[in-house]
Every structure is written in structure tokens, then in C-alpha cells.
Amino acid sequence: MAELGSVVTRYGRLCMRLSHWGCKNRPFYHIVVIKKNFPNRHYIDPLEQVGTYDPLPNAHNEKLCSLNLERIQHYLAGGIHLEEPVAQLLGLAGLLPNHPSTYSQAWRNREALSNESTRRTNVILKENASE
């Protein structure tokens with residue numbers, strides 16, 4: 001019984017997080033594996049980069065995300081800690097169940113589309129072409 005309590009995950013001290021690259025007005029993120037207690041800085045090399053994420057829509061209105069699924073599954077099997085934005089991306093990619101904050105954000109977006117009083121003023125919605 002003593003062995004069950006002392007089981008240590010292989011990657012328990014590591015986390016998967018977004019590392020900000022690019023400019024302030026043109027963000028770009030690397031999905032990296034790094035120690036939990038390290039700050040998110042460029043001068044500290046991560047253990048491994050397992051993906052990229054470009055949050056700004058391109059010409060086809062797509063937000064691009066590339067993932068090395070084989071390595072991500074390897075780290076997930078070892079018990080790595082996921083930060084919330086990475087968990088949301090992996091949920092939207094279909095690798096994990098969707099994060100609960102993804103559902104609440106979708107609910108707020110649907111509410112803003114149907115109710116003009118809850119809509120934020122800084123969001124520009126495209127008008128329907130049929131009107």
C-alpha cells in the first residue's frame with residue numbers, strides 16, 4: 001500500500017504553456033513544454049516545442065494551430081500539467097474533452113448575437129449579405 005501513495009508521475013514538474021512570440025500588435029505563440037516554476041521568458045529555453053498557434057485570422061478567416069500530436073500524447077500519458085489556454089486549444093482540436101471555459105465563452109457569444117444589450121461595443125459583427 002505504501003507504493004500507491006508514493007507514485008510520482010514522470011512529467012509532474014513540467015507544464016505545457018503558450019510562449020508569446022511576435023509583436024504586440026501581431027501575436028504568435030509557441031506551445032512549449034517547460035518546468036512549472038520557470039517564468040515565461042525567451043531567454044529560458046523550453047524542453048521542447050510541441051506546436052504553434054496564430055490567433056489572428058488569415059485571408060481565409062482561419063486561426064492556424066499546428067500540433068505535434070504524437071509528442072503531446074506522450075507528455076499527457078506522463079501526467080504533464082496543462083495551462084488553461086493550451087487545454088482549450090487541445091479540446092478544440094479534439095485531443096481532449098472541451099475545457100469548461102470554452103462552453104461559457106460560446107454561451108456568451110450566442111447571447112451577444114441574440115441580445116443587443118449584452119453585446120460589447122468594441123466588437124464589429126459582419127452584416128448579413130441578404131439584407
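Bear in mind that the values here come from a model prediction, so they are computed numbers and not experimental data.
Taking P39 as the reference, R41, I44 meet the side-chain contact (heavy atoms from CB on, under 4.5 Å) condition, with sequence neighbours excluded. Taking the salt bridge (charged side-chain N to carboxylate O under 4.0 Å, His left out) definition, one finds that R13 meets it with nothing, sequence neighbours left out. With sequence neighbours left out, E83 forms a salt bridge (charged side-chain N to carboxylate O under 4.0 Å, His left out) with R17. Under the side-chain contact (heavy atoms from CB on, under 4.5 Å) criterion, E70 pairs with N68, not counting sequence neighbours. In this view, N37 and K35 satisfy the side-chain contact (heavy atoms from CB on, under 4.5 Å) rule, not counting sequence neighbours. Applying the side-chain contact (heavy atoms from CB on, under 4.5 Å) rule to P27 yields the partners H20, Y29, P55, L56; only residues at least two apart in sequence or on another chain are considered. Listed by chain and number, the residues in a side-chain hydrogen bond (donor to acceptor under 3.5 Å, both in side chains) with S114 amount to none (sequence neighbours excluded). Shown here are the salt bridge (charged side-chain N to carboxylate O under 4.0 Å, His left out) partners of E48, two or more places apart in sequence or in another chain: R71. Annotation: salt bridge (charged side-chain N to carboxylate O under 4.0 Å, His left out) contacts of R26 (sequence neighbours excluded): D54.
Atom NZ of K63 has 12 or fewer neighbouring heavy atoms from other residues, nucleotides or ligands inside a 6.0 Å radius.
Contact annotation: the side chain of T52 approaches that of F28 to within less than 4.5 Å [non-hydrogen atoms, C-beta and beyond]. In this structure, I80 and L76 have side chains that are in contact, with non-hydrogen atoms separated by less than 4.5 Å. The shortest side-chain heavy-atom distance between E84 and V86 does not fall under the 4.5 Å cut-off.
No chain of hydrophobic side-chain contacts below 4.5 Å, direct or via other Ile, Leu, Val, Met, Phe, Trp or Tyr residues, connects I34 to V50. Cluster annotation: L14 and L69 are assigned to the same hydrophobic cluster (Ile/Leu/Val/Met/Phe/Trp/Tyr, side-chain heavy-atom contacts under 4.5 Å, transitive).
Counting Ile, Leu, Val, Met, Phe, Trp and Tyr side chains that sit under 4.5 Å apart, directly or through other members, W107 stands alone, with no cluster partners.
The shortest non-hydrogen separation linking M16 to L82 is CB-CD2, 3.7 Å. The two atoms that bring P46 and V32 nearest to each other are CB-CB, 3.7 Å, heavy atoms only.
Here OG of S66 is found 8.5 Å from NE2 of H30. Values are rounded to the nearest 0.5 Å.
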Can you give each donor-acceptor pair under 3.5 Å made by side-chain atoms of residues 87-96, sequence neighbours left out, with the distance rounded to 0.1 Å?
| residue | atom | partner | partner atom | Å |
| --- | --- | --- | --- | --- |
| Q88 | NE2 | S101 | OG | 2.4 |

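Applying the ring-ring contact (aromatic ring centres under 6.0 Å, His included) test to residues at least two apart or on different chains, the pairs with a partner in residues 75-103 are Y11-Y75.
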